[in-house]
Number of protein chains: 2
Amino acid sequence: MATMEFQAARQPVRRTGGRSARVRAAVIDATLAALLTRGLDDLSITEIAQQAGVHPTTIYRRWGGRSNLALDAVLSGTEAEIPPPDTGSLRGDLLAVIRGIFPFLRTPLGELLVRLALRRDLPEYEAARGGYWAQRFRAGAALFERARARGELRADVDPVLALETLVGPMYVRMLMTGEPLDDALLVRCVDLVLDGIATRPR
Amino acid sequence: MATMEFQAARQPVRRTGGRSARVRAAVIDATLAALLTRGLDDLSITEIAQQAGVHPTTIYRRWGGRSNLALDAVLSGTEAEIPPPDTGSLRGDLLAVIRGIFPFLRTPLGELLVRLALRRDLPEYEAARGGYWAQRFRAGAALFERARARGELRADVDPVLALETLVGPMYVRMLMTGEPLDDALLVRCVDLVLDGIATRPR
DNA sequence: CAGATAACGCAAGCTAAGTAGCGATAAGAT
DNA sequence: ATCTTATCGCTACTTAGCTTGCGTTATCTG
């Protein structure tokens with residue numbers, strides 16, 4: 001044994017910017033387009049491959065299935081962070097929060113993200129789902145701390161439950177009843193969460 | 001022409017109780033079982049047919065696809081009506097409402113119903129969805145009328161929005177965050193909707 | 001009991017999803 | 001500039017979903 005080529009189990013060399021990157025970009029773009037027009041379940045790998053100018057086998061090899069492909073495409077298109085607001089009042093902050101979420105949810109990409117998050121038959125999403133929503137809801141914690149310091153918040157209020165109650169009707173209408181949903185309703189949601197529906201505190 | 005058999009464009013003769021009925025019952029049962037174990041998307045018509053002792057072709061002919069089959073099965077298994085409660089107080093009524101919904105949602109059939117309602121790629125469901133949820137939410141109207149007569153309800157409260165706000169967190173937790181959900185949380189949901197989170201009414 | 005026929009079973013075939021093997025190409029390293 | 005090899009394209013194949021056509025059975029009507 002003259003030359004002992006010690007070759008550690010190295011991972012494949014990245015080819016950033018080369019053909020691989022071009023192929024990936026083309027496929028992701030085509031997948032997003034297909035997702036927005038045809039939905040998740042009617043996704044045709046062959047059609048995406050044609051649209052991207054790529055052979056279907058390539059997609060099957062790189063992504064392995066439509067779940068991974070869709071997840072990769074959506075997460076690639078959703079990098080925006082929503083900064084927590086600080087308007088000086090609890091009502092203003094809550095209004096800013098819900099007004100920050102609402103327009104995004106009306107976006108085709110936003111609705112797609114929500115629908116992906118609801119799927120339970122895609123094991124690839126189970127890991128991403130919990131972390132995504134937890135982060136999104138925890139971001140509002142500071143908001144409630146400030147309100148409590150200002151004396152605007154009842155003592156026994158759970159911030160997470162309050163946020164869930166705030167945005168709950170929005171999701172219920174979007175996903176189930178399909179009833180109309182506009183900015184005026186968002187204001188009513190905020191005021192309902194703030195004041196409740198009872199005539200006087202018990 | 002001796003006998004003029006006037007034969008209007010009659011619809012196929014119903015064969016209630018015969019082989020057709022038996023086949024239908026067997027297929028519906030097998031479909032429900034398959035839905036509860038394998039989910040909607042991994043549904044195998046061939047497997048259901050074997051389970052029901054029926055040829056796959058029969059299912060394709062009668063139902064035409066898995067969407068119709070699943071919808072028929074679920075609606076056949078969900079005939080229970082939830083009577084609107086009347087406990088004498090707004091808080092008691094709201095608690096009864098949410099306590100009536102919650103256990104059903106934890107049922108496999110309940111969760112299945114919710115997930116079916118969330119699907120937008122099944123045109124068969126679009127018609128059923130709106131009516132189902134509208135009825136479910138309108139059933140609570142009387143509840144609020146009584147509360148208003150007792151002077152327990154603020155004047156400007158929208159009953160539908162109030163109900164959506166009440167059950168919103170429950171759905172958010174079940175569908176998105178996956179956070180724990182028990183009876184104690186239901187009580188907190190009711191109290192939050194009743195009293196709000198602000199220290200004093202504006 | 002005796003037609004008429006709706007509904008079912010069966011076999012064959014079509015389409016699309018997904019996989020495997022193999023040669024070709026181009027990105028990256030020496 | 002040249003070599004190595006990760007990645008891609010191509011063909012062929014397997015599998016499952018679904019449809020079609022035809023003969024058979026069981027139900028309903030008279």
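Each chain gets a letter, A, B and so on, in the order its sequence line appears, and its residues count up from 1. Because the structure is a prediction, the values reported are computed rather than measured.
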Pairwise distance CG(Asp93(A)) to CG(Asp86(A)) - rounded to 0.5 angstrom: 5.5 Å
For atom CD of Gln50(A) and atom P of dA17(C), their distance in whole Å: 10 Å
Nearest-angstrom distance from the residue atom NE2 of His55(A) to C1' of dT19(C): 13 Å
N/O (side chain, Tyr60(A)) to phosphate O (OP1/OP2, dT19(C)) under 4.0 Å: no
Sugar-phosphate, base or nothing in reach of Thr58(B), heavy atoms under 4.0 Å: sugar-phosphate
Under 3.5 Å donor-acceptor, Arg66(B) side chain and Asp41(B) backbone: yes
Expected output: side-chain Arg173(B) to main-chain Pro180(B) donor-acceptor under 3.5 Å: yes
Spatial distance of atom CG (Leu94(A)) from atom CD (Glu152(A)) [nearest 0.5 Å]: 9.0 Å
Donor-acceptor under 3.5 Å (Tyr125(A) side chain, Ser67(A) main chain): yes
Distance below 4.0 Å between Ser20(B) side-chain N/O and dA7(C) OP1 or OP2: no
Val114(A) and Glu111(A), any side-chain heavy atoms less than 4.5 Å apart: no
For atom CG of Asn68(A) and atom C1' of dG18(C), their distance in whole Å: 15 Å
Value in whole Å for how far the P atom of dT19(C) lies from CD1 of Ile59(A): 13 Å
Five-pair end axes of the helix from dC1(C)-dG30(D) to dT30(C)-dA1(D) and the angle they enclose, rounded to 10°: 40°
Check: Arg66(A) side chain, dG18(C) base, donor-acceptor under 3.5 Å: no
Flag, side chain of Thr107(B) to backbone of Gly110(B), donor-acceptor distance under 3.5 Å: no
Touch class at under 4.0 angstrom, heavy-atom based, for Arg61(A) against every strand present: base
Asp195(A) and Arg154(B) ion-paired at < 4.0 Å: no
Residues Arg24(B) and Ser76(B): side-chain donor-acceptor under 3.5 angstrom: yes
Neighbours of DNA chain D within residues 28-48 of chain A, by heavy-atom distance under 4.0 Å: none
Distance below 4.0 Å between Arg24(B) side-chain N/O and dA7(C) OP1 or OP2: no
